[in-house]
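These notes concern the structure reproduced below.
Numbered from 1 within each chain, the chains take letters A, B, ... in sequence-line order. Since the model is a prediction, treat every value here as computed from it, not as a measurement.
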Amino acid sequence: MPDPKLSEKRWDKAFESELFKQWQRDGIYSFDKRAQDIFSIDTPPPYASGTWHMGGAAHYSQIDMIARVMRMFGKHVLFPFGVDRNGLPIEVRTEQDNNISMHDVPREEFIAMCKKTLDRYKMEIAETAKRLGLSCNAWDVKHEVGGAYTTDDPEYRRLTQATFLELWKRGLIYEDNRPNNYCPVCRTTIADAEIEYTELPTKLNSLRFRVKESGEEIIIATTRPEMLASCQAVLFNPSDERYQHLEGKHAIIPLYDRAVPLMAHPSAKPEYGSGLVMVCSYGDYTDVLLFRELGLEEVILINPEGRMTERVGKYAGLTPVEARKAILHNLDGLGFLVKQEQLMHNTPTCWRSKNPLEIIPMPEYYLKQTEFIDDLREVAKEIRFHAPVSKNMLDAWLDAVSMDWPISRRRYYATEVPLWYCEECGKPLVPKPGKYYQPWREGPPAGSKCECGSSSFRGEERVFDTWMDSSISEVYILGKLWDEDWFGKHFPCSLRAQGKDIVRTWLYYTLLRAYQLFKKRAFDHVWISHHIIGADGRKMSKSLGNVVMPNPMLDKYGADTLRLWSCMEASFLKSDLRCSEERIAGNGKFLTKLWNTARFISSFPEPAEPAELQEADKWILAELESLKGSALSGLEEFDFFVPASGVWDFVWNKFAPHYIELVKKRAYDGDAAACWTLHECMRTVLKLMAPMTPYITDKIWLGVYSGKSIHLERFPEKDESRKDDGLLKRGVALMDFNSCVWKQKKDAGQPLNSEVSVSIPANLSVFADDLKRMHNIT
RNA sequence: GGGCCCAUGGUCUAGCCCGGUUAGGACAUCUGCUUGACGUGCAGGGGAUCUCCGGUUCGAAUCCGGAUGGGCCCACCA
């Protein structure tokens with residue numbers, strides 16, 4: 001081989017960190033606000049806790065590919081790196097690490113502890129992100145467009161508060177003391193969107209009640225016997241013949257000896273249990289509706305600590321589960337328990353703590369959302385979804401939203417609700433937006449006075465739901481805080497890239513907030529990725545032993561291999577990706593192949609102009625053109641399976657074994673047509689692969705073609721003149737012919753370079769010269 | 001209970017929208033090979049009644065209907 005420009009014999013993942021440093025030094029991904037043709041990408045800031053999982057690594061790699069694709073389509077890409085540091089997981093982690101409960105420690109102190117926890121984690125995430133080769137605009141710069149950000153930054157929080165104050169001004173926020181989902185473990189109200197339903201075993205208990213007027217015995221089935229004390233009615237279906245005579249009578253609650261009305265109501269299903277149902281405050285959401293509808297008096301049985309209140313009598317202080325056990329024991333002892341059936345119950349649980357929820361009334365702030373659902377349905381139609389079917393997930397949630405969004409929480413490490421209350425008349429004092437307020441530790445703005453004349457205020461102690469922060473991420477990254485004009489020009493954000501699991505939270509809330517604030521869609525494109533799961537098709541979990549972590553994979557195989565794997569496994573937009581080390585490793589082979597192909601080609605000079613092309617050259621250019629077409633359309637869809645597998649197929653199944661072998665002899669002779677075509681194919685392949693495998697492509701590019709990074713290049717233009725379907729067909733025959741000759745020599749036990757006597761079919765006569773030299777045909 | 005998606009060799013998948021190819025590839029497996037770059041390579045082989053049943057059609061993996069089996073999302077069954 002003549003001197004190759006690439007001296008190393010194979011791709012070495014150790015080049016990756018060098019290249020990353022060089023990119024940073026040259027600032028090739030930095031963001032310039034003055035640029036035209038902006039493409040902005042809003043990504044889920046990864047949660048700061050712990051190391052990155054495979055899902056995060058693959059997910060972010062692919063978002064990075066989108067950023068690189070848009071750059072190569074000529075856009076100036078806003079792609080900031082963010083880290084999420086708000087919310088419950090940090091608090092829970094801090095509580096565990098320090099073996100304390102948040103409420104046992106002064107607020108100030110607890111927040112300091114959270115910060116300490118966070119600082120331990122922060123670097124780890126960023127380091128993995130860098131190793132993956134993410135082309136984020138900046139890693140250290142803060143507080144400007146393109147800068148890295150954290151969601152607990154006072155700047156971010158002041159934006160959250162400013163948007164809250166704006167919505168307050170527009171009358172979209174109100175306070176209400178209504179029964180709501182409450183997580184006793186997190187000790188806070190949560191929104192419907194934060195509920196996860198889990199199938200949990202429970203017992204359906206049939207209890208013996210008596211009818212006060214007749215002394216008749218009736219059976220009532222319940223899964224929540226500990227709620228007996230709050231029972232205010234017993235219902236039967238109006239069509240249920242068995243119970244018509246009970247109308248207007250009363251049932252006596254066992255243990256508590258209290259009489260409650262028996263009534264007909266359609267919500268009681270005759271076929272379930274005994275057909276009689278007790279209504280308690282609050283066993284489930286139906287109870288809430290019934291209490292409201294029937295005007296029943298609410299009895300609070302569970303306190304904010306998740307313990308039974310005085311109203312349950314001797315079970316006070318127990319948790320609901322303990323109380324259930326105790327009360328069942330008592331009921332059984334007194335003969336009230338008739339039977340128990342085991343059943344699975346789709347139980348609402350907290351998505352953070354995974355614990356069953358209770359329904360407890362608590363005064364909370366609400367953001368109106370139900371009246372915006374129809375508008376959001378229209379907004380969603382203006383957005384291009386990748387893949388299009390993913391829009392179904394959003395539509396399904398829009399159909400399900402039934403009540404306004406409770407936005408206040410009773411936690412510490414989060415953005416504060418920026419309000420004070422007059423000590424005299426209780427009226428809220430609403431500060432001007434623009435500053436980060438912490439009402440629990442500071443007074444209202446100097447000189448504040450209530451309408452009633454008082455200047456004595458009490459600070460609000462509640463904080464916001466984390467989604468109040470997250471749902472304005474696109475507003476934050478587009479720099480509304482720092483440059484209102486620029487923001488106005490570049491909103492909506494070009495793209496939201498996120499996982500399918502947070503459609504009803506992050507995506508939905510962002511669209512809601514953007515619509516409320518700006519009457520516009522938040523994004524032009526929404527890209528929804530699926531999950532990374534274990535090789536066995538199940539969710540990765542330690543107990544199943546199917547966990548693969550990104551850092552060890554990066555150590556062993558490098559970022560490009562990992563990135564290529566995420567493209568090659570399947571379409572991330574259409575299905576979950578199964579992950580096994582074996583399959584990741586296999587992708588490294590393609591990098592070796594690509595490297596060697598490039599190294600070989602680099603040993604031939606690249607003519608400035610294509611000379612008179614021969615038929616074989618025209619054939620591979622036609623193949624290249626067809627690859628360009630399919631790959632570019634896949635890239636436009638942000639679906640990397642098509643371009644990656646297309647390039648793989650082109651290089652490994654057509655270009656290297658057939659075309660290169662065909663023109664090798666010509667190339668050695670210095671034929672300009674062959675040399676030019678080899679380089680043309682290689683340049684195109686490198687560019688098409690650059691977004692997916694940014695390291696190896698740049699290393700080759702810099703080594704062979706340019707002093708400047710491939711990541712500053714544009715995608716090759718399509719060239720209609722190279723299309724030739726007839727030639728493509730002939731190419732297939734050509735490849736078949738090659739296989740035939742190879743097989744013939746193999747069957748004859750001859751080496752591949754031996755002389756052979758075969759006749760070249762008429763339709764391949766145009767390739768005759770190349771074929772003769774390739775196969776040594778005499 | 002409602003909705004959405006899916007079903008292709010041992011495994012993961014492409015093709016299906018716009019019916020007609022020996023159903024393509026990767027991984028695994030088997031055999032052989034220094035071929036002027038690559039043994040992390042090259043060449044070749046074996047392996048699929050395209051879940052099932054109907055229908056449309058000259059012709060169905062592809063279109064239509066149904067069944068079965070998965071997955072996901074939503075929903076107040078006590």
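- Within the 4.0 angstrom heavy-atom criterion, no nucleotide atom of any strand lies near R224(A).
- Under the Watson-Crick or G-U wobble criterion, with both distances below 3.5 Å, G69(B) is paired with C6(B).
- Closest to the side chain of N346(A), from the set A37(B), G45(B), A75(B), is A75(B).
- Here A400(A) lies in heavy-atom contact (under 4.0 Å) with sugar-phosphate atoms only.
- In this structure, NZ of K574(A) is placed 14 Å from P of C17(B), rounded to the nearest angstrom.
- Among the nucleotides C74(B), C12(B), G44(B), the one closest to any side-chain atom of K743(A) is G44(B).
- Below the 3.5 angstrom threshold, one finds no donor paired with an acceptor across the side chain of K269(A) and the base of C77(B).
- Ranking C73(B), G36(B), A14(B) by closeness to the A396(A) side chain, first place goes to C73(B).
- If you check C42(B) for Watson-Crick or wobble pairing at under 3.5 angstrom, you find it paired to G32(B).
- Remark: K664(A) is positioned above the aromatic ring of F600(A), its terminal NZ or CZ atom under 6.0 angstrom from the ring centre and at most 45 degrees off the axis.
- Here F600(A) counts as stacked on A37(B): its ring centre is under 5.5 angstrom from the base ring centre and the planes meet at under 30°.
- Look at C17(B): it lacks any Watson-Crick or wobble partner with both distances under 3.5 angstrom.
- The L752(A) side chain lies nearest to U35(B) when the options are G44(B), A43(B), U35(B).
- Within 4.0 Å (heavy atoms only), P4(A) reaches no atom of the nucleic acid at all.
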TODO: Spell out protein contact along nucleotides 18-31 of chain B as letters: B when the base is contacted, S when just the sugar-phosphate is, - when no protein heavy atom is under 4.0 Å; keep the 5' to 3' order.
DONE: --------BS---B
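- Distance CD (Q750(A)) to P (G32(B)): 18 Å, rounded to an integer number of Å.
- Among A37(B), G36(B), C76(B), the nucleotide with an atom closest to any side-chain atom of D284(A) is C76(B).
- Listed candidates were C76(B), C12(B), C38(B). Nearest to the side chain of N596(A) is C38(B).
- Ring-to-base geometry does not place W742(A) in a stacked arrangement with G44(B) (centre distance under 5.5 Å, plane angle under 30° required).
- For the pair Y285(A) OH and A75(B) P, the computed distance is 11 Å after rounding to whole Å.
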